[in-house]
Amino acid sequence: MSTQDNRKPGQGEVETTGHVWDQDLAEYNNPLPRWWLWGFYATVVFALVYWVLYPAWPIGDTFTKGLASVTYEQDGEEVTTHWNTRALFYRDMQTGEYAVRQRNMLEQVAGMEYAEILQDADAMSFVNAYAQGSFGTWCAACHQVGGAGVIGQYPNLRNDHWKWGGTVEQIEETLVQGRLGYMPGYRGILSDQQLDNVSAFVLSMNGYDMDPAAVEAGERIFTGTDGGCFQCHGTGGEGLESQGAPNLTNDIWGLVDVHGAADDGERQRQVARFIRNGAQREMPAFADRLSDEEIKILTAYVHSLGGGQP
């Protein structure tokens, strides 16, 4: 049974709502602190203002756009749209303090000669910071994030041995126009024994212990008309940058996993298999994908990966 008891609390007592059950069970009145109530009212006001200014309520297949707007440039024209994170990102990339400093530094470095860039600590610091993003976007899918490449598929950019040359001018040319690497297969030209012999000769140039008779026979194939390997790789096997023909004497193998083979016999079989089948590799041109400034920054970065061939 509930009765009304409107007595005010005495010293040390708690105020009640006036509802009493069974004469001694009362409902206390503990109001929330005033600061908490005002904070709650403030969040309500904030929500109402937010709903008016920003995209908020879904309506069918669309939503309320809000009154707030963002203005940015696109293709040389000023565009104003309702507030959204994409438009805000475009604007910040054009007018934000960091974006402006980055653009100014990009123009400054792009106006320097390569020799200046490579010797300037601040310029190279910017190159490393800026080009890592470009390299990750355009190059890492093939050459991997650190530029180490993939044996049998894509060249290692970190060892300062470049098929097409490692000077900044040659690297820039590679980025601008791309490269087409091709080695014909000798499946129908050389017999299996001849393939084994020329493989033995190539491996012997790198210090591997091969059968002397096979090496001698392989050298005749390498430097003769049967194989004609010297036409691209040179009579000493040093390679020819103008053709993208690698140096065969430095024990660096980009397309054959010689170092991963179990023994010399397996190495010889792998090299023979590669000569039999040949290879064709293409690197796309980036002249139509990157600006001149971006290519210059990326060139300096890739050059630094390899240790800096003059």
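In what follows, residues are counted from 1 in the order of the sequence shown.
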Query raised in the report: Just wondering, do Met183 and Phe274 contact through their side chains at under 4.5 Å, heavy atoms?
Result: yes
Query raised in the report: Looking at side-chain heavy atoms only, is the closest gap between Pro246 and Leu255 below 4.5 Å?
Result: no
Report summary line: For Ile189 and Gln194, the nearest pair of non-hydrogen atoms, with its separation, is O-OE1, 4.1 Å
Report summary line: Checking Trp51, Tyr50, Trp57 against Tyr54 for ring pair (Phe, Tyr, Trp, His ring centres under 6.0 Å), the one that qualifies is Tyr50
Report summary line: Interatomic distance, CG@Asp226 vs OG@Ser191, rounded to 0.5 Å, equals 9.5 Å
Query raised in the report: Angle class for the Trp38/Tyr41 ring planes (parallel below 30°, perpendicular above 60°, tilted otherwise)?
Result: perpendicular
Query raised in the report: If we only count heavy atoms from C-beta on, is the Thr137 to Phe135 side-chain gap below 4.5 Å?
Result: no
Report task. Report yes if the side chains of Leu106 and Phe126 come closer than 4.5 Å at any heavy-atom pair, otherwise no. Result -> yes
Query raised in the report: Which distance, rounded to the nearest 0.5 Å, do you find between the CG of Asp264 and the CD of Glu266?
Result: 11.0 Å
Query raised in the report: Any chance the side chains of Gln132 and Asn128 put a donor and an acceptor closer than 3.5 Å?
Result: no
Query raised in the report: Please walk me through it: do Arg179 and Glu173 pass side chain to side chain contact (heavy atoms under 4.5 Å, CB included)?
Result: CA-CA 9 Å; Arg179 297 295 187 186; Glu173 182 180 313; 3.3 Å; yes
Query - Note: Glu293-Lys296 ion pair, threshold 4.0 Å (strictly below) - result: no
Query raised in the report: Are Asn247 and Ile252 side-chain neighbours, meaning at least one heavy-atom pair lies under 4.5 Å?
Result: no
Report task. May I ask you to test the Gln280-Leu180 pair for a side-chain heavy-atom distance under 4.5 Å? Result -> yes
Requested in this report: Taking salt bridge (Lys or Arg N to Asp or Glu O under 4.0 Å) as the test, write out the residues that go with Arg276, two or more places apart.
Outcome: Asp192
Requested in this report: Could you tell me whether the side chains of His259 and Asp251 share a donor-acceptor contact shorter than 3.5 Å?
Outcome: yes
Query raised in the report: Do Leu48 and Val52 touch side chain to side chain, with heavy atoms closer than 4.5 Å?
Result: no
Query raised in the report: For the residue pair Phe222 and His233, does the interplanar ring angle fall in the parallel (under 30°), tilted (30 to 60°) or perpendicular (over 60°) class?
Result: tilted
Report task. For the residue pair Glu219 and Phe201, establish whether any side-chain heavy-atom pair is separated by less than 4.5 Å. Result -> yes
**Report entry** Inter-residue atom distance Cys232.SG - Leu248.CG, 0.5 Å rounding
**Finding:** 10.5 Å
